[in-house]
A.B. asks: 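The structure is given below, and queries will be raised subsequently.
Just the heavy atoms: all of them, side chains too, but no hydrogens, waters or symmetry mates, feed the values below. In what follows, residues are counted from 1 in the order of the sequence shown. These figures come from a predicted structure and were not determined experimentally.
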Amino acid sequence: MTRDSAPKSRTEAALERHGLKVSAKEADGLTRLATWMHEGLSAPAPEWPASERNDGLDLPITELAARLRDGRLTSVALTRATLDRIAARDQAYLSFYAVLEETALAEAARADQDLASGLDRGPMHGIPVGIKDLIDVAGVPTTANAPGRAKAVAAQDAEVVRRLRAGGAIIIGKLATYEWATVGPDKSGLFPPAKNPWRLDHITGGSSSGCAAAVAGGLVRTSIGTDTGGSVRGPSFYCGTVGLKPTFGLVPTSGVLDLAPSLDHVGPISATVADAAITLDVMSGRDGERRAASRLDEPVSGLRIGYARNWFVQDSQTMPAVTAALDAAVSVLSAQGAVVREVEMPEAATIEVAVAAMLHAESFKLHAEALRDQPESYGRRAFLSLAAGLSLSDAEVEKARAIGASFRRVIDELLDQCDVLITAGALTTALPAAPFEKEAVWTPMRTIGFNVSGHPVLAVPVGFHDGLPIGMQVIGRHYAEARIVQFGHAFEQATDISVQRPPPP
C-alpha cells in the first residue's frame, strides 16, 4: 500500500464502519480534510502562554457568593485567579504593596471547608479583599508608605480586618496609599505611586490610591480605605469606582493609623454600589433593616433629591463635562420618579479652609515629636504637609470647629426637607501625573465638608470625559447608609456606566 493510498483506505473503512455512502469525489474531499487534521494533530502540542484565569473575577459579590454556595466555584479557585490577575496586571498599576499569597490561600481553603461543613459566615464568605496600608493586618508591616515604617509589623488585626475575617473574607494584600494619607502622588515615599488604570499617566487621587486602582483594574471586587478629607471618594471619582464613606463613628478606627481623629473614617472602595454596601455591612456589624444593603432594588419614586448645583456650577475650575454628567445623572433619577429641587449649600471655600485647619492642626499634634526627632522617617512632601498645622493657634482651631458645627446643622436642615443631597465630588477628571512630580498640586474637590459633618456619602461614577471617569456624591442623614445606597443602585441599574472597565494593561 502506498503512502497516498493509506488515508484513502482509512476514509473508506470509516465510511463503511458508520454506514455512510458517498461518491468517489466526495470521498476524496473527506480524505483530504481528514489528512489535514491527522497531520496537524501529529505535530507536538504548542506551548502557548497561559491566558489570565477568570473564575468569576468580574462578577458581583452576590453572584460570587451564589457560586461559592452551589459548588460552581471555590474560594481557593477564586483566590488563585485573583492572585494570577494581580501578577498579570499590577506591574502596570502598582496598587499592591504586599500580596499575601500563602495566608490568602490558607484562608480560602478554610472558607471552603467551612461552607462544606455548613458554616456560612455571611455575604463576604470566601471573597478576596484588599486593605489600604494604613490599616493593621497582623504579621504584616503597616507602612503608611513612610520611609520610617518599612518594618512596622502589626501585632494584631485592626478591628475592621478582624470583622472581615470573622465574616469569612480573604485578606489578599496591602494596598497603596499616599504617605501618611497626606499629599501625592509622591515618589519620595517608601513605594512608587499607584497608577490610574484608565490612563496610567494620570493620577488616581488620594490617599486610598491603591484601593481604587486595584478595583478599577479588576484585581479585586472590593477594598478597604480611609477617608479624612475625601480619600475614599476622591480616588473613586478619578478611577470610576464606588466609594462609601459611612457615618462618622459607624466603623471603628482601632488599629488604623490616625491622621485627624475627629475627621477619620474607614470605608469601602468597590466595583459596584451593591458590592460597597455588602462590604460596609460586614465592617459595621449592622444587620436587619439597619444594613446598608437593605434597600437595594427598592424604587426611588416619590423620594426627594436636593440637588446642590451651586456647589460646583459657579466654580471656574469645574469642567463643563462634569456639570453635564451631574445634570444627566439627576435626570436619570428624576425619570425614575424621584422629586428633584435645587438647594443652596453654604459656600464651599469657607468650610474647606475650616476643615483643612482642623485636619492640619490634629495631624501636626500627632506627629510633632517625630517630625522634630526623626525627620528622616518621612518623605519631604508628607513632612511639610504634616508640619503645616504648626502655626495654627488654639483660637483659630476652635473657630474652625465652630464653622464645622454650623455646616453640620445646615446639612441636617436640608436633609429634613430632602431624602438625599446630590452634588459633584471632583470638579475635574483625573489630572496628568507629571506636574505632581515637581510639587504638590491642589485637586479641586467637594468632599472635606462631610468629614466634619459626619454624614454618610456615596461616590458613584456617572459618566466619562475623554476616556476618564466622572463621579457624583449622594449625601444622606446620619446612619442612613441604606438610603444613599438605594439611590446609587437605582442610578447604576438604569445605566451601563458601572459595567465599563478600562482595558487590561
A.B. asks: In residues 176-184, what donor-acceptor pairs under 3.5 Å come from side-chain atoms, sequence neighbours left out?
C.D. replies:
unit_1: Thr177; atom_1: OG1; unit_2: Ser207; atom_2: O; d: 3.3
unit_1: Tyr178; atom_1: OH; unit_2: Gly205; atom_2: O; d: 3.4
unit_1: Glu179; atom_1: OE1; unit_2: Gly379; atom_2: N; d: 3.1
unit_1: Glu179; atom_1: OE2; unit_2: Gly379; atom_2: N; d: 2.9
unit_1: Thr182; atom_1: OG1; unit_2: Glu179; atom_2: O; d: 2.6

A.B. asks: I need the minimum non-hydrogen distance between Gly218 and Arg89, along with the two atoms involved.
C.D. replies: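 Nearest pair, atom of Gly218 first, then Arg89: CA-NH1, 4.1 Å.
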A.B. asks: Quick check: closest heavy atoms across Ala354 and Ala400, and the distance to 0.1 Å?
C.D. replies: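 Residues Ala354 and Ala400, closest heavy atoms: O-CB, 3.3 Å.
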A.B. asks: Which of these, Ile172, Ile171, Leu100, Thr79, sits in a side-chain contact (heavy atoms from CB on, under 4.5 Å) with Glu107?
C.D. replies: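 By the side-chain contact (heavy atoms from CB on, under 4.5 Å) criterion, Glu107 pairs with just one of Ile172, Ile171, Leu100, Thr79: Ile171.
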A.B. asks: Parallel, tilted or perpendicular: which fits the ring planes of Phe450 and His455, with parallel below 30° and perpendicular above 60°?
C.D. replies: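 It falls in the perpendicular class, over 60°.
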A.B. asks: Check this for me, if you would: do Glu396 and Lys399 make a salt bridge, where the nitrogen-to-carboxylate-oxygen distance has to be below 4.0 angstrom?
C.D. replies: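 Salt bridge absent between Glu396 and Lys399.
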A.B. asks: List the steps, then state whether side chain to side chain contact (heavy atoms under 4.5 Å, CB included) holds for Val232 with His265.
C.D. replies: CA-CA 9 Å; Val232 159; His265 299 65; over 6 Å; no
A.B. asks: Are Arg446 and Gln473 close enough that a side-chain donor and a side-chain acceptor fall under 3.5 Å?
C.D. replies: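 Gln473 and Arg446 do not have a side-chain donor-acceptor pair below 3.5 Å.
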A.B. asks: Counting C-beta onward and ignoring hydrogens, is there a side-chain heavy-atom pair between Ile127 and Leu64 closer than 4.5 Å?
C.D. replies: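 Counting from C-beta outward, Ile127 and Leu64 do come under 4.5 Å.
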A.B. asks: Side chains of Val220 and Val215: closer than 4.5 Å at any heavy-atom pair?
C.D. replies: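 Contact flag for Val220/Val215 side chains = yes.
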A.B. asks: Using every non-hydrogen atom in the two residues, find where Thr82 and Leu219 come nearest and quote the distance to one decimal.
C.D. replies: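 Of all heavy-atom pairs spanning Thr82 and Leu219, the closest is CG2-O, 3.3 Å.
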A.B. asks: Report, one line per pair, each donor and acceptor closer than 3.5 Å where one atom sits in a side chain of residues 498-505; sequence neighbours left out.
C.D. replies:
unit_1: Gln500; atom_1: NE2; unit_2: Asp496; atom_2: OD1; d: 3.3
unit_1: Arg501; atom_1: NH1; unit_2: Ser498; atom_2: O; d: 3.2
unit_1: Arg501; atom_1: NH2; unit_2: Ala271; atom_2: O; d: 2.9

A.B. asks: Determine whether Leu259 and Leu386 make a side-chain contact, defined as any pair of heavy atoms from C-beta on separated by less than 4.5 Å.
C.D. replies: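 Touching, per the 4.5 Å side-chain cut-off.
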A.B. asks: Using side-chain heavy atoms (C-beta onward) and a distance below 4.5 Å, is Ile497 in contact with Phe464?
C.D. replies: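 Yes, at least one pair of side-chain atoms sits under 4.5 Å.
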A.B. asks: Using every non-hydrogen atom in the two residues, find where Gly488 and Leu458 come nearest and quote the distance to one decimal.
C.D. replies: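 Gly488 and Leu458 have their closest heavy atoms at CA-CD2, 3.7 Å.
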A.B. asks: Between Ile135 and Thr142, is a side chain to side chain contact (heavy atoms under 4.5 Å, CB included) present by the stated rule, with each step listed?
C.D. replies: CA-CA 6 Å; Ile135 302 170; Thr142 306; 6.0 Å; no
A.B. asks: Could I get the full list of salt bridge (charged side-chain N to carboxylate O under 4.0 Å, His left out) partners for Glu344, not counting sequence neighbours?
C.D. replies: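 With sequence neighbours excluded, Glu344 shows a salt bridge (charged side-chain N to carboxylate O under 4.0 Å, His left out) to no residue whatsoever.
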A.B. asks: Answer yes or no: is there an ion pair linking Asp275 with Arg221, defined by an N-O contact shorter than 4.0 Å?
C.D. replies: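 Yes, charged N to carboxylate O under 4.0 Å.
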A.B. asks: Does the side chain of Val355 reach to within under 4.5 Å of the side chain of Phe407, using non-hydrogen atoms?
C.D. replies: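 Of all side-chain heavy-atom pairs linking Phe407 with Val355, none is under 4.5 Å.
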A.B. asks: Near Lys195 NZ, under 6.0 Å, is it more than 12 heavy atoms from other residues, nucleotides or ligands?
C.D. replies: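 Result for NZ/Lys195: open.
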A.B. asks: If you measure only the distance, is there a donor-acceptor pair under 3.5 Å linking the side chains of Glu362 and Ser262?
C.D. replies: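 There is such a pair between these side chains.
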A.B. asks: For Glu481, is there an ion pair with Arg290 - N to carboxylate O distance below 4.0 angstrom?
C.D. replies: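 Between Glu481 and Arg290 there is no salt bridge, as every charged N stays at least 4.0 Å from the carboxylate O atoms.
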A.B. asks: Taking only Lys NZ, Arg NE, NH1 and NH2, and the carboxylate oxygens of Asp or Glu, determine whether Arg286 and Asp281 approach each other closer than 4.0 Å.
C.D. replies: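 Looking at Arg286 and Asp281, the cut-off is not met.
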A.B. asks: Please give me the minimum heavy-atom distance between Asn196 and Tyr238, naming the atom from each residue.
C.D. replies: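 Looking at all heavy atoms of both residues, the shortest contact is ND2-O, 3.0 Å.
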A.B. asks: Step by step, would you call Ile475 with Ile422 a side chain to side chain contact (heavy atoms under 4.5 Å, CB included)?
C.D. replies: CA-CA 6 Å; Ile475 303 103; Ile422 287 179; over 6 Å; no
A.B. asks: Is the closest side-chain heavy-atom distance between Val242 and Pro461 below 4.5 Å?
C.D. replies: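 They are in side-chain contact.
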A.B. asks: Can you spot which of Asp227, Ile448, Val452 makes a side-chain contact (heavy atoms from CB on, under 4.5 Å) with Leu263?
C.D. replies: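 Between Leu263 and the candidates, side-chain contact (heavy atoms from CB on, under 4.5 Å) is satisfied uniquely by Val452.
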A.B. asks: Would you indicate whether the side-chain heavy atoms of Leu303 and Gln486 approach each other to under 4.5 Å?
C.D. replies: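 Yes, side chains in contact.
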A.B. asks: Is the closest basic N to carboxylate O distance between Glu63 and Arg67 below 4.0 Å?
C.D. replies: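 The answer is yes: the pair qualifies as a salt bridge.
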A.B. asks: Do Asp58 and Arg85 meet the salt-bridge criterion of a basic N to acidic O distance under 4.0 Å?
C.D. replies: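 Salt bridge present between Arg85 and Asp58.
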